[in-house]
Structures are given as structure tokens and as C-alpha cells.
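Worksheet: one structure, shown below.
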Amino acid sequence: MVSTRAFLLDIGYAHGSGVATSSLSGLRGKTFRLVLKRESDGKVFRLFDDSFEPYFYLLPREGVTQEQILKVTGFYRGTNVAVARVEEVERKLKGEIVKLFKVYAKHPGHVPVLASELKQYGERFEHQVHFVLRYLLDKKLQPLGLVEVKHSGKMVMGISAVADSPLPSLRVLAFDIETYNPGVKSDPRKDPCLMISYATNEKSGVISYGKKFSHDFVEVVASEKAMLERFCEIVRENHVDVIATYNGDEFDLPFLRERAKVLNADFRLGRDRALPRTRKKGIRNASSLGGRIHFDAYPVVAFLNFIGAFKLQRLTLQDAVTAITGKPKADIVKMDIHKIWDSGLTKDLDYLAFYNRDDSIACLAVTNYSLPLQIEMARLTGNLVFDTSRASAMPLVEPFIMKKALERGELIPSKPAYSENDKLPPVEGAFVKIPNPGVYENIAVLDFKSLYPSIIISYNVGPDSYNCDCCKSDGFVSPQGHRFCKKKKSIIAETLSDILDSRFAIQKKMKTLTDKESDEYKQLYARQWSLKILANSVYGLTLNPRFRWYTREGGESTTAWARQYIQEVNKKAEETGFEVIYNDTDSIMLLYKTENSVLEFRDAVNKTLPERMELELEDFYTRGLFVAKKGEAGKDGKGARKKYALINKEGKIKIRGFELVRRDWSKVAREVQRSVLEILLKEGNVDKAVALVRKTVAELQSGKVPLDDLVILTQLRKSPKDYAIMSPEVSAYTKAINAGIRVPEAVVMYVVTSKGKSISEKAFVREMAQDYDADYYINHQLMPAVLKILAELGVTEDDLLTNSKQHTLGSW
DNA sequence: TAATTCGCTAGACCGA
DNA sequence: TCGGTCTAGCGAA
């Protein structure tokens with residue numbers, strides 16, 4: 001027996017090709033295949049573990065015996081399967097110790113079958129925990145963490161995690177393909193793949209065939225088949241651990257696999273020489289490579305965009321790489337790739353190759369940015385990177401809490417089935433104060449640090465602490481009367497408390513590091529970011545009826561306490577002599593005379609808050625603007641919430657909610673609005689802003705504004721036929737499809753043209769638009785965007801539209 | 001398969 | 001033709 005220290009790169013079931021020896025053939029499905037990277041020399045090797053038994057728990061009904069359970073059988077793939085064995089164990093359920101049967105099965109596939117058969121004998125637990133996750137949880141292993149593994153030959157005899165493990169250095173290769181596309185979409189059964197580009201942190205290149213290129217980085221091989229095989233060779237030569245793509249799940253990998261089949265090419269990209277596999281994973285497909293991690297950056301970018309890490313107009317590689325690196329990749333010129341290919345012109349082919357390579361380089365940049373986060377997330381939650389990178393909030397958070405349940409010796413609650421809870425009305429959420437529109441000076445912004453998590457911790461919110469038996473007279477009682485335990489920590493509160501503690505500790509450690517570019521710093525940064533994502537997701541999940549720790553009472557208490565705190569701070573601020581101009585959820589904006597008074601106020605509030613809660617100073621702003629809500633113009637008009645602009649002492653502008661941050665407004669309206677706000681906030685020069693608007697009106701009227709500045713982006717969130725209303729975006733999309741124009745994504749880009757009566761009739765996708773309706777862009781885009789702002793300074797629509805002598809506008 | 005609620009605004013639609 | 005209501009998307013937190 002040998003003992004080795006290695007990083008756990010991947011774990012999965014041993015499928016046919018993975019299990020070569022005949023001694024293992026009877027164990028298919030139950031055997032895990034571990035891909036490990038030796039710490040000492042980085043060599044990658046495989047081991048198998050068939051010692052782990054699938055199981056679940058049964059809380060038996062009165063009088064049910066082990067003997068009865070042992071006799072239970074069921075059907076699995078046409079054969080009769082039986083319970084392997086039963087043990088009696090103790091676990092905690094809602095704080096109480098209960099006696100349970102731990103029911104073992106011979107194969108993970110038998111678990112759901114037997115669990116179903118056992119329904120009549122009592123309540124089942126943990127029968128829906130995925131077997132790979134079960135293995136990782138029970139053995140306390142971290143994916144990509146360092147393990148100490150004892151093995152005899154290829155068989156694992158014992159495996160345990162090494163504490164505080166560093167990260168393995170992973171070899172990453174990004175790739176991208178170009179395909180022949182005479183139809184609306186390339187069809188791998190008949191359309192060839194034309195080139196494959198790749199990029200690692202050391203080099204990049206393109207493989208193609210049968211044409212002439214002048215670039216050095218293009219390697220020309222004999223045929224498409226040779227190209228596919230050459231690509232596999234490059235992957236093997238580079239000992240690639242992570243293969244990165246942008247939407248390779250849905251396109252590149254399935255396409256190449258199909259091409260390989262057609263051409264009879266050897267496309268075994270996996271480490272164990274397996275073919276790429278594509279499986280349904282929720283709403284989309286996921287493509288895996290045995291022994292190498294396929295990192296598809298697209299779902300990661302979608303997730304990061306969703307949680308607000310950045311805001312992309314579209315989820316394209318172009319938008320993602322620009323947001324991340326600050327510089328765009330090679331410009332995409334609309335081109336018919338198949339025509340370039342057929343023409344055979346070296347100049348055009350060179351451009352295509354250059355563009356193809358740039359896509360791989362861009363994909364690598366996105367990967368370098370997001371993979372560390374995914375790795376840390378995987379290590380924290382116990383998911384594989386493959387799953388983490390394709391996961392949403394629930395599958396990230398649940399395994400993290402499951403680990404805590406195991407630590408506490410508690411049963412993991414089952415996933416709730418569809419129930420009446422799904423039909424309940426939404427719970428009351430945050431408090432948002434209506435601002436008075438106008439221009440303000442000297443604004444302090446204070447906010448509660450991690451408001452919802454800190455409330456959950458402070459008041460021990462959770463399904464397991466709700467209405468406990470032990471605190472009937474002295475629990476924490478929320479504003480609407482829900483009671484939570486004061487004696488035993490709820491699992492959610494404890495998890496959040498741990499998250500906040502470790503995040504704080506990491507941030508403290510980061511401050512001691514001087515080299516912000518070091519691997520250690522980057523790893524810590526990624527880890528604290530993962531923790532933040534997890535912490536921020538928990539509150540939302542408590543109100544999701546599909547969450548294992550769903551608690552409606554907990555969720556509505558959390559927001560109720562939040563509303564109470566924010567209003568108490570408002571009251572205190574006013575008593576102290578400040579004017580509170582705005583609140584949204586966890587923030588307070590107030591007018592101040594001295595900065596010191598604000599700091600004193602903050603400290604005074606903090607003395608009264610529970611230990612975990614904290615009011616922070618976000619910033620001091622010299623000037624700020626709130627606008628009237630539509631239809632509320634004039635004196636005493638109410639201000640719009642979630643819409644404001646502030647400028648701080650350094651001249652940094654913070655803008656929220658205005659049209660200029662919305663993608664469903666044209667660039668011309670957004671950019672002029674931004675300039676107007678900047679001019680007003682920085683210079684306070686109303687005349688200059690008015691002049692800019694007039695100039696833009698004239699430009700629009702001249703008909704010379706480029707169509708690209710007039711495009712409006714709107715997502716179709718359902719099938720076009722399901723819409724009750726013919727909106728401009730649905731109309732533009734439908735007309736494009738009828739005209740046989742490729743509209744690649746769910747985000748419709750349209751221009752309002754002069755052709756038609758209603759706006760919908762006038763809306764055409766960018767490719768079909770010949771002109772624009774100046775009147776629409778002036779009166780429906782530019783004017784609404786700027787007038788709301790300028791109206792606060794006494795400017796009227798006539799001032800902006802007529803060329804009469806400028807009014808004398810009072811300066812502020 | 002899916003974190004939540006609050007809020008603004010548009011354009012279509014519909015009835016008077 | 002006008003104004004109210006409804007559908008829908010997107011952003012703030």
C-alpha cells in the first residue's frame with residue numbers, strides 16, 4: 001500500500017472506459033473514479049474507490065423493525081434489487097435526538113427505488129443527496145483540495161483531506177471554433193468545422209486545413225479530420241487540466257463530437273481518452289470531458305451578471321471581456337464565414353483566423369478572471385467546479401449548509417415538493433422612502449453592513465428556531481409576532497455567522513499582504529467574494545418554497561426587522577437635527593453640516609445595535625439630484641424612488657436607476673442624459689446642458705445620427721407566440737424571422753424607423769432598418785431622458801426644442 | 001431548474 | 001381621440 005499527497009481534480013462514476021480491469025467490471029456505477037494531481041511532481045493519475053456504500057435514512061413508523069426493512073425489494077432497470085443492510089443510528093431532528101435506520105443499497109441507482117418502496121414504513125431523509133456530493137461530504141473532501149490518499153494498486157484504501165490546502169497550479173487552455181454556415185445555423189452533420197483556435201497563458205494559435213494563410217500562428221494540416229486530431233494532440237501535449245470555452249456546453253463540444261463521428265476522427269479529448277459527453281442539466285446542456293474540467297465561462301458570466309458583479313448589455317464574449325479587462329477583443333465585423341472560406345482569399349482568411357484566435361484569447365481572459373472564484377466556491381461548498389460553474393444560488397448554498405448539518409449531527413431536510421407554499425402572496429419587503437425631487441448639497445450616505453444576514457444572525461432566524469418549545473415566553477419576537485429560539489442557534493444563523501466571520505478574517509489577512517498580484521492575495525480575494533455571494537443569497541432562498549431550509553416566517557421577519565431598524569435610524573437622525581432625504585432597504589441619505597456630526601451619529605447608532613449589526617458610512621457627497629416621478633411634475637410633486645445621481649468630493653459620480661443605466665434605451669438618449677447629469681453635478685451649468693440637448697435635437701432632425709446609436713435592446717423572455725401584446729421588440733423580431741434574417745440571441749436589437757404607424761410597426765431589427773424616425777427619438781427617447789432632470793432647474797420642453805433666445809436660468 | 005421584493009416606465013390595448 | 005388599465009422589461013437593494 002502506498003500513501004500519496006495529491007490534489008483532487010475530479011471525481012465521477014467509473015464508466016466503461018474508465019474501468020479497464022475485469023475485477024472492477026461488476027462494480028460499475030458504484031465505483032468512483034478519482035483524478036488526482038500529485039503534489040510532488042504534478043503528475044496526474046487515476047484511482048478507483050469502491051468502498052463507499054450508498055445509503056439513506058428512515059425514521060421508522062411505530063413498530064417497524066429492521067427485519068421488515070431488510071425484506072424490502074424494488075425494480076431497477078428491469079431487475080429486482082434489495083436492501084443491502086440496515087443499521088440503527090442516532091441523529092438530531094429539529095434539535096431532538098431521534099433513532100433512525102440507516103438503509104444501505106448496493107448501487108446508487110437503487111437508492112431512489114428503495115426509498116420509494118420504503119415510503120410506507122416511515123419518513124425518509126437524505127435519499128435525494130447526489131452520490132458524488134455524498135462521498136465528498138462524508139469524507140470531508142474539497143474538490144481541488146489536497147488529499148492524503150492510501151492506495152493499493154489502483155484501488156483507494158483510505159482518503160482524507162489535508163487541512164489549509166493550497167491551490168494546485170492548473171494548466172488552462174481556452175479554445176473556440178469557426179464553422180461553415182450557409183444556413184441559418186451550422187449543422188454538424190453536413191457543415192464542416194473550418195478552424196480551431198486555442199490559447200494558454202503561454203501561447204495561442206489556430207489550426208486549419210486546405211487553405212493558405214500568411215499568419216505564423218496558423219498551423220495548416222491536411223484535412224478537417226487531421227485538424228480535430230491535431231487539436232487533441234495539443235491538449236495532451238500541454239497536459240491541460242482545464243479546457244475553457246464560451247458556450248462550449250451547447251455549441252463547440254457537441255459540434256466537434258458530431259463532426260468527429262461523421263469524419264471518423266479520433267476526438268477523445270478527455271484524460272482517460274473519453275469522448276466529450278453532453279447531457280441535459282436543467283434548462284441547458286452541459287458537456288464534460290473525462291478527467292479534464294470543462295469550464296464553460298458563459299454560465300459563469302450569466303450568473304455573475306445576475307448577481308450584479310457586473311452589468312452587461314448582452315451576455316456575449318465581447319461584452320464580457322470588455323467588462324472584465326477594460327478592452328474589447330477584435331471587432332466583430334458581420335461576415336459570412338462560409339463565403340470567406342469559399343472565396344479562399346488569404347487576406348480574408350487571415351482576418352478570420354485572427355478573429356478566431358482573439359476569441360480564444362478573450363475566453364482565456366474571462367476564465368482567468370472567473371475560474372479562481374469558481375474554484376474557491378467549489379472548495380467552500382463541496383461541489384465540483386464543473387457543477388459550481390453551472391449552478392445558481394440554491395445548489396451553491398444548499399451543500400454549504402449540508403456540511404454544517406453533518407457537523408452538527410443533524411439530518412438534512414428533504415427538498416420540499418410543490419405545495420400550497422408556492423401560491424402564497426409575496427411577503428412584504430423593504431422600505432423605500434419617497435424623496436422630494438430637487439438638487440441637494442452635502443449629503444451623507446450611511447448603510448447597514450450586510451443587513452439581512454446580520455438580522456438573521458442577531459435574531460436567530462431559521463426554520464429550526466421558529467416557534468421552539470424552549471423559549472415560549474422569552475424568544476426573539478419579530479415585529480409581526482413570529483418567535484425564534486434564544487437558546488439553540490439555527491443552522492442558517494450559524495452558517496451565516498461562520499461566513500461573515502471567515503470573510504472578515506480573510507479581509508483582515510488581505511490587508512497584511514502587500515503584493516496585490518500575488519497568488520495568495522488573489523486566492524483570498526476569490527474566497528471572500530464566494531463567501532459574500534453565499535451570504536447574500538441566503539435571505540432570498542429562505543423565501544423560496546423549494547429550498548431545504550425554506551422559512552416564510554423567517555423571511556418575513558427578516559424584512560420586518562429591517563424596516564423597523566431603518567425607520568428607527570431615520571427617527572434618531574431627525575431628532576439629532578439631520579434631514580433624511582431618502583432610504584432604500586438598508587441605506588440612509590441625510591443632509592449634514594459637518595462631517596464629524598455624521599460620524600458621531602453613526603457611532604451613537606452603533607452603540608444601540610445588536611453586536612452583529614453595524615451602520616457604516618458609505619461616503620460624503622457634495623451634490624445630489626433627485627427627479628420627480630412621471631406625472632408628478634411641479635410644486636409638491638413626489639420624487640421617483642430608485643433613481644438618483646450623486647457626486648462626491650473627488651468628483652466621482654454615482655448614478656442609479658436613470659435611463660442611462662438601462663439597456664432598453666437608445667445610446668443617444670443615454671449618452672446625452674449622462675452628459676447632462678455630469679455637467680449639472682460637476683459644473684452646475686444649466687445653459688451648457690441645454691445647449692447640448694439642443695445640439696442633439698438638431699442632429700437627430702438632420703437624419704445623420706448613426707443607426708447604431710439608436711438601437712434599443714430588449715430581451716424576449718418567452719416564446720414570441722406567447723406574448724399578449726405586440727410590443728416593438730416582438731414585432732421587430734417577428735418581422736426579422738419572416739424575412740429570413742438570423743437573429744442570434746434572445747436580446748432583440750431594434751431601431752424605430754419611419755415605416756409604419758404605431759411604434760411596433762416602425763420597429764425593425766438593426767439589420768433591416770434603413771432610416772430612423774427622428775420624431776420618435778426626440779420625443780420618446782431624448783426628451784423624457786433629459787427633461788425630468790432639467791425640469792428640476794426650471795427648464796421647459798420649449799426651452800429645449802425652440803431656438804428662441806435662452807432663458808436666464810438661475811444658477812445654483 | 002429557478003434567491004427575494006420594490007419600483008419606474010414604455011407602449012399596447014380597450015372602452016367611452 | 002383620450003385616458004385608464006394591463007403587459008412587460010429592467011433596475012435597486
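Just so you know, these numbers come straight off a predicted model, no measurement behind them. Naming: A, B, ... by sequence-line order, numbering from 1 per chain. Hydrogens, waters and symmetry mates play no part in the numbers below; they use all other heavy atoms, side chains included.
Using a 4.0 Å cut-off, some side-chain N or O of A:Lys788 falls inside it from OP1 or OP2 of B:dT9. When the side-chain nitrogen and oxygen atoms of A:Arg641 are compared with OP1 and OP2 of B:dG7, one or more of them lie within a distance under 4.0 Å. A:Lys311 has a side-chain polar atom (N or O) that falls below the 4.0 Å cut-off from OP1 or OP2 of C:dA12. Taking side-chain N and O atoms only, A:Lys630 has a distance below 4.0 Å to OP1 or OP2 of B:dA10. Residue A:Lys280 has no polar side-chain atom (N or O) positioned under 4.0 Å from OP1 or OP2 of B:dT1. Between C:dA13 and A:Tyr644, a contact under 4.0 Å exists linking OP1 or OP2 to a side-chain N or O. The side chain of A:Ser392 contributes an N or O atom lying less than 4.0 Å from OP1 or OP2 of B:dA2. In terms of phosphate contacts, A:Asn544 brings a side-chain nitrogen or oxygen within less than 4.0 Å of OP1 or OP2 of B:dT4. At least one side-chain nitrogen or oxygen of A:Ser760 sits closer than 4.0 Å to the OP1 or OP2 atom of B:dA12. Residue A:Arg546 places none of its side-chain N or O atoms closer than 4.0 Å to OP1 or OP2 of B:dA2. Listed pair A:His780 / B:dA10 fails the phosphate criterion, with no side-chain N or O lying under 4.0 Å from OP1 or OP2. Residue A:Tyr723 places none of its side-chain N or O atoms closer than 4.0 Å to OP1 or OP2 of B:dG11. OP1 or OP2 of C:dA13 has at least one side-chain nitrogen or oxygen of A:Arg656 nearer than 4.0 Å. Look at A:Tyr550 and you won't find any side-chain N or O under 4.0 angstrom from OP1 or OP2 of B:dA2.
Side-chain atoms of A:Gln781 and A:Leu700, non-hydrogen and from C-beta on, never get closer than 4.5 Å to each other.
Judged by the 6.0 Å and 45° rule, A:Arg546 forms no cation-pi pair with A:Tyr550.
Comparing B:dC8, B:dC6, B:dA3 by their closest approach to the side chain of A:Glu428 singles out B:dC6. Listed nucleotides: B:dC13, C:dG9, B:dG11. Nearest to the side chain of A:Met726: B:dC13. Counting only heavy atoms from C-beta on, A:Lys643 has its side chain closest to B:dC8 among B:dA10, B:dC8, B:dC13. Of the candidate nucleotides C:dC10, B:dG11, B:dA12, B:dG11 has the atom lying nearest to any side-chain atom of A:Tyr776. Taking only side-chain atoms of A:Phe306, from C-beta outward, the nucleotide of B:dA3, B:dT5, B:dT9 with the closest atom is B:dA3. Listed nucleotides: C:dT7, B:dT9, B:dA12. Nearest to the side chain of A:Lys629: B:dT9. Closest approach to the A:Met394 side chain among B:dT9, B:dA2, C:dG11 is made by B:dA2 (side chain taken as heavy atoms from C-beta onward).
In summary, A:Lys642 and A:Asp584 engage in a salt bridge, as defined by a charged side-chain N under 4.0 Å from a carboxylate O. A salt bridge links A:Asp498 to A:Lys404: at least one charged side-chain nitrogen sits closer than 4.0 Å to a carboxylate oxygen.
No engagement by A:Lys654 is indicated, since no non-hydrogen atom pair under 4.0 Å with the nucleic acid exists. Within 4.0 Å (heavy atoms only), A:Arg663 reaches sugar-phosphate atoms of the nucleic acid but no base atom. Across all strands, A:Val538 comes closer than 4.0 Å to no nucleic acid atom at all (heavy-atom distances). A:Lys642 comes within contact range of at least one nucleobase, with a heavy-atom separation under 4.0 Å. Within the nucleic acid shown, A:Gly540 comes within 4.0 Å of at least one base atom, counting heavy atoms only.
Rounded to an integer number of Å, the gap from CZ of A:Phe626 to C1' of C:dA12 is 12 Å. Across the protein-nucleic acid pair, A:Leu424 atom CG and B:dT5 atom C1' stand 15 Å apart, rounded to whole Å. Distance, A:Tyr777 OH to B:dA10 C1': 14 Å, rounded to whole Å. When the P atom of B:dT9 is taken as reference, atom NZ of A:Lys638 falls 14 Å away, rounded to whole Å. Atom C1' of nucleotide B:dA3 and atom CD of A:Glu556 are separated by 17 Å, given to the nearest angstrom. Nucleotide C:dA8 holds its P atom 17 Å from the CD1 atom of A:Ile759, rounded to whole Å. One atom, CG of A:Asp722, and another, C1' of C:dG9, lie 16 Å apart when rounded to the nearest Å. One interatomic measurement links the two molecules: CG of A:Leu713 to C1' of C:dG9, which rounds to 12 Å at whole-angstrom precision.
With rounding to the nearest 0.5 Å, the separation of CD1 in A:Ile647 from CZ in A:Arg623 is 8.0 Å. Taken from OG in A:Ser288 to CZ in A:Arg279, the straight-line distance is 4.5 Å, to the nearest 0.5 Å.
The aromatic rings of A:Tyr582 and A:Phe626 sit tilted, their planes meeting at an angle between 30° and 60°.
A donor and an acceptor atom, one from each side chain of A:Ser557 and A:Ser478, are located under 3.5 Å apart.
Residues A:Leu543 and A:Ile725 each lie close to DNA chain B; by heavy-atom proximity, the contact nearer the 5' end of the strand is made by A:Leu543. Remark on DNA chain B: of its neighbouring residues A:Pro395 and A:Pro425, the 5'-side contact belongs to A:Pro395, judged by nearest-heavy-atom nucleotide.
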